[in-house]
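Please read the structure below before turning to the comments.
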Amino acid sequence: MNAPTVVAASPTSERGPLAGAIFDTLVHRIGKDEHAARPHDWLAATILTVRNEIIERWMVSTRAAHAAGAKRVYYLSLEFLIGRLLRDTLSNLLKTDEVADALSELGVMLAELEEIEPDAALGNGGLGRLAACFMESMASLDLPGYGYGIRYVNGMFRQRIDNGWQMELPETWLANGNPWEFERRESAYFIGFGGEVTGNEQGAVHWHPAEAVEAVAVDTPMVGWRGRRVNTLRLWTARAFDPIKLDAFNAGDFQGALADQLRAETLTRVLYPNDSTAAGQELRLRQEYFFSSASIQDIVRRHVQYFGDVRTLPDKAAIQLNDTHPAVSVAELMRLLIDHHELGFDEAWEITRATFGYTNHTLLPEALESWPLPLFERMLPRHMQLVYAINAKLLREARATNGIDDRAIAAISLIDEGGERRVRMANLAFAGSHSVNGVAALHTDLMKQTVFADLHRLYPTRINNKTNGITPRRWLQECNPALAALIREGVGDRFLDDATALSELAPLADDAGFRDRFAAVKRSNKVALAEHLRAEMGLRLDPNAIFDVQIKRIHEYKRQLLNLIETVALYDQIRSHPDRDWTPRVKLFAGKAASSYYNAKLVIKLANDVARRINADPAIGDLLKVAFVPNYNVSLAEKMVPAADLSEQISTAGMEASGTGNMKFALNGALTIGTLDGANVEIRDHVGADNIVIFGMTADEVAAKRSGGYDPRAVIEGSRELSQAINAISSGVFSPDDPYRYRDLMQGLYDHDWFMVAGDFDAYAAAQRDVDARWRDRDAWGRSAVLNVANMGWFSSDRTIAEYARDIWGVM
Ligand code: 26V
């Protein structure tokens, strides 16, 4: 949209009430008329007008929960990857058409406003997006749920590709203000850091922090399906108590006068990359404590205000820890119960354990959070004492249990004593919770067998599984309106309330007419994506080719490299046998790499190098096209998922806890090519083994190979296709400007190949040729695609949330 674009198309007298309201907001809240208004002004006016409607429902929801004395669910997460809110909110309020009509009376296109809304990218990937899907599902299921997190000024960085390399630019999602949010200056809390702890003769303990900031609440309404309920996402922002030290200022020390404010603002300034080990450790721990403390104080305050007695907390509040990032909350609740509410340690511990649940999202050892003990003690001296006390109790229980030896005691301890002493946040979260869950069946089994094996022996009923899910409103209805309309035509719209109703589509998989219309929808989504990529990157894509898509964070365990090496092998094959009946493919990649993750950034460069060479090769033509699409985010996913024919879910078995992208693609009628990892296993069980392409080693086989007997060099030398592809990359075929660019990366495959790229290569390549063959049988492919959609209803986050509500939170 070009600014200023908009001329009011109708005179005031002909405007309907909603158009009038939006216009009134534009004038009186934004302070512009139709001549001065820029697109962002119209966007803000529209959001503010819609928000009025939400506020009423919001208050109704809050009052109803209060009146019923209902138990509340608190979801603590350092990440909420919300994306855009306008389309989602209007769709859930069933007001899309009404608002579109009102805006068109004003000469404005709703679709264009939706496209300029910035993504709220307050997360790295799956863990953050899961939190956002959960917020939507809690509201849709009419559960009183609060999300608690941090209002980062700069969320996930914006990715630019410069000559094939990733460049990170700051994301400024707040540049035009944020009309969705409400600052609650009255909800502010004191958050202390450092200092010392004293005690008196009566045993009362006092923490005297050396430093403090104020946490201020900023609320965003989360609207459930059909507007059934509006919940609150409460994000904390940090402020100095004393924004300016006037004495310093007056003495001419301007920087000193503002130093506290700067230090406070730094706290909630940026989102940390989850997959970077080199992150600024101290600031990260400060963020974790800041948001944990503010949230726990808020929860306890609300409880005491409504119910009078802190001891009934577990009856009225369930707190879910999204990974270990908020695990210090366990010690914080103990501190409030003991130091402020004067409970005894044992009673406080019982309340704490009955209140918390912990969700684990990864088994990668390098991803398990632990803090150097001296840092933890310096920043949180009172919490350190409490961690020691909790640990003493935990290890006493462990020693009293049969079959727990010294090795197991060391593994259970909250303190890692091997080398530099560290506080283990996963063990703290485990010990402090009545429920510990994994996010897919396989992942939960592996939790019991590996990282938490000893804690599991001590508390054998605590670990449980809650397979992830996605909201079908955003990930079907909104991102793929044509498919949603076709489904509605076929089986009605009950699937939006109960996604398992999609199963009624199954018989239509055998209906050639339905399959044709289904294929036409997919094709039009591919044309739309191709058009978008032509406009954005000058790409020309053939919508008749298989759209083969791998979009997710770039990480070695996710094996984008396996896909790229297979791409190179295919390229080689097509060049060697140009006359064979090749199936045209478009290979699309997108994703961000942590800025400190060298190999991941090199994989992005490789994708771009491979794309440049293949796309420019006249011998290949439209048989193979490769593209790396820059700046992957929720909004880009919403464009790419509906256009995919093939979904790449090819992690090394045992390493992807669940995956949720896998679910989004299958729900939109893509077939999956994948390993038996994470939720892929359950997707296969639901869609049927005939409608998914599974290949490669199982998690058990990977583990067995790793513990002895894996010789990647022998594997590579045994596969002509693989060794040729590796040699081509290694020798600079794709990097003539720097022939050695990929030598070390390829050498790593020979030397250790930790992620078993070589080990799975032949199986993967064969699976890809199986995909080609299936694609040529258009009826069979179409049938599988329909059956994927029909059988994915179980993966709705409504089902996941209902399970949490019933098994963990006790609210359904
Ligand atoms: C963290 C780190 C930190 C250090 C270096 C390597 C590394 C790799 C991954 C991570 C991710 C931590 C947690 C996370 O984001 N897990 C994701 O959670 C999703 C929602 O449950 C799940 O679908 C993904 O499989 C899982 O990776």
Side-chain angles (χ1 to χ4, degrees), residues 75 77-81 122-135 137 156 271-281 284 288 320-327 358-371 425-426 429 436-444 446-447 451 465-471 475 551-560 591-601 637 647 649-666 674-683 699 754-755 795 797 800-801 803-804:
Y75 199 79
S77 178
L78 214 47
E79 304 189 10
F80 286 93
L81 196 41
L122 310 184
N124 279 283
L127 172 147
R129 182 55 232 176
L130 185 76
C133 284
F134 279 8
M135 289 305 296
S137 277
M156 188 62 204
L271 165 77
Y272 269 105
N274 68 355
D275 45 6
S276 152
T277 30
Q281 293 293 300
R284 169 78 176 201
E288 292 184 354
Q320 194 65 29
L321 303 172
N322 196 26
D323 216 321
T324 56
H325 316 144
Y358 156 53
T359 306
N360 172 276
H361 294 268
T362 181
L363 298 173
L364 298 188
E366 69 273 31
L368 291 179
E369 268 191 311
S370 69
W371 296 107
M425 302 311 271
V436 175
N437 74 281
V439 290
L442 172 65
H443 168 232
T444 302
L446 293 172
M447 281 169 72
V451 183
N465 178 243
K466 295 288 168 281
T467 299
N468 282 168
I470 57 172
T471 164
W475 295 110
I551 50 178
K552 48 182 80 245
R553 287 301 294 258
I554 311 294
H555 202 290
E556 285 162 289
Y557 84 80
K558 294 178 187 281
R559 298 200 294 192
Q560 283 92 356
K592 292 172 181 174
S595 56
S596 60
Y597 191 167
Y598 180 78
N599 274 355
K601 293 175 105 170
S647 155
Q649 307 300 337
I650 60 176
S651 51
T652 314
M655 302 196 78
E656 188 71 274
S658 164
T660 46
N662 47 4
M663 301 170 190
K664 292 160 196 167
F665 283 106
T675 47
L676 283 177
D677 199 14
N680 296 353
V681 179
E682 289 153 271
I683 292 176
W754 180 249
F755 301 97
F795 295 90
S797 45
T800 313
I801 286 296
E803 290 181 2
Y804 276 87

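In each ligand, atom 1 is the first atom listed, and ligand 1 is the first ligand listed.
- For ligand 1 and Y557, the ligand atoms under 4.0 Å from any heavy atom of the residue are 27 (O).
- Of all the atoms in ligand 1, the ones that sit under 4.0 Å from a non-hydrogen atom of A657 are 25 (O).
- Between A132 and F80, the shortest heavy-atom distance links the atoms N-CD2, 4.4 Å.
- Using a 4.0 Å cut-off to heavy atoms of L364, the atoms of ligand 1 that qualify are 8 (C).
- The closest approach between Y597 and ligand 1 stays at or above 4.0 Å for every heavy atom of the residue.
- Among the atoms of S658, some N or O lies under 3.5 angstrom from an N or O of ligand 1.
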Stepwise side-chain hydrogen bond (donor to acceptor under 3.5 Å, both in side chains) check, N468 with T660: CA-CA 7 Å; N468 282 168; T660 46; 5.7 Å; no
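- Nearest heavy-atom pair across L321 and P326 is CD2-O, 3.6 Å.
- Ligand 1 has no nitrogen or oxygen under 3.5 angstrom from a nitrogen or oxygen of T362.
- Annotation: E366 places no N or O atom under 3.5 Å from an N or O atom of ligand 1; distance criterion only.
- The residue T359 has no part lying near ligand 1, judged by heavy-atom distances below 4.0 Å.
- Numbered from 1 in the order shown, with element, the atoms of ligand 1 that lie under 4.0 Å from a heavy atom of G126 read 19 (C), 20 (C).
- Residue-to-ligand polar distances keep H555 apart from ligand 1: every N/O pair is separated by 3.5 Å or more.
- Among the atoms of G659, some N or O lies under 3.5 angstrom from an N or O of ligand 1.
- Closest approach of A657 to V439, counting heavy atoms only: CB-CG2, 3.7 Å.
- Counting the atoms of ligand 1 from 1 in the order shown, those under 4.0 Å from a heavy atom of V439 are 21 (O).
- Polar contact check, N468 against ligand 1: a nitrogen or oxygen pair lies under 3.5 Å apart.
- Contacts of N124 with ligand 1, taken as heavy-atom pairs under 4.0 Å, are absent altogether.
- Qualifying side chain to side chain donor-acceptor pair (under 3.5 Å) partners for E556, counting only residues two or more places apart in sequence or in other chains: Y597, N599.
- Proximity of a side-chain donor or acceptor of T471 to a complementary backbone N or O of C133 within less than 3.5 Å is not detected.
- One finds the CG atom of N360 at 4.0 Å from the NE2 atom of H443 (value rounded to the nearest 0.5 Å).
- Between the side chains of N437 and T359, at least one donor N or O lies within less than 3.5 Å of an accepting N or O.
- Nearest heavy atoms, A593 versus A600: CB-CB, 3.6 Å.
- Every residue was checked against the side chain to side chain donor-acceptor pair (under 3.5 Å) condition with T675, not counting sequence neighbours, and none meets it.
- Atom numbering of ligand 1 starts at 1 in the shown order; those under 4.0 Å from a heavy atom of D323 are 13 (C).
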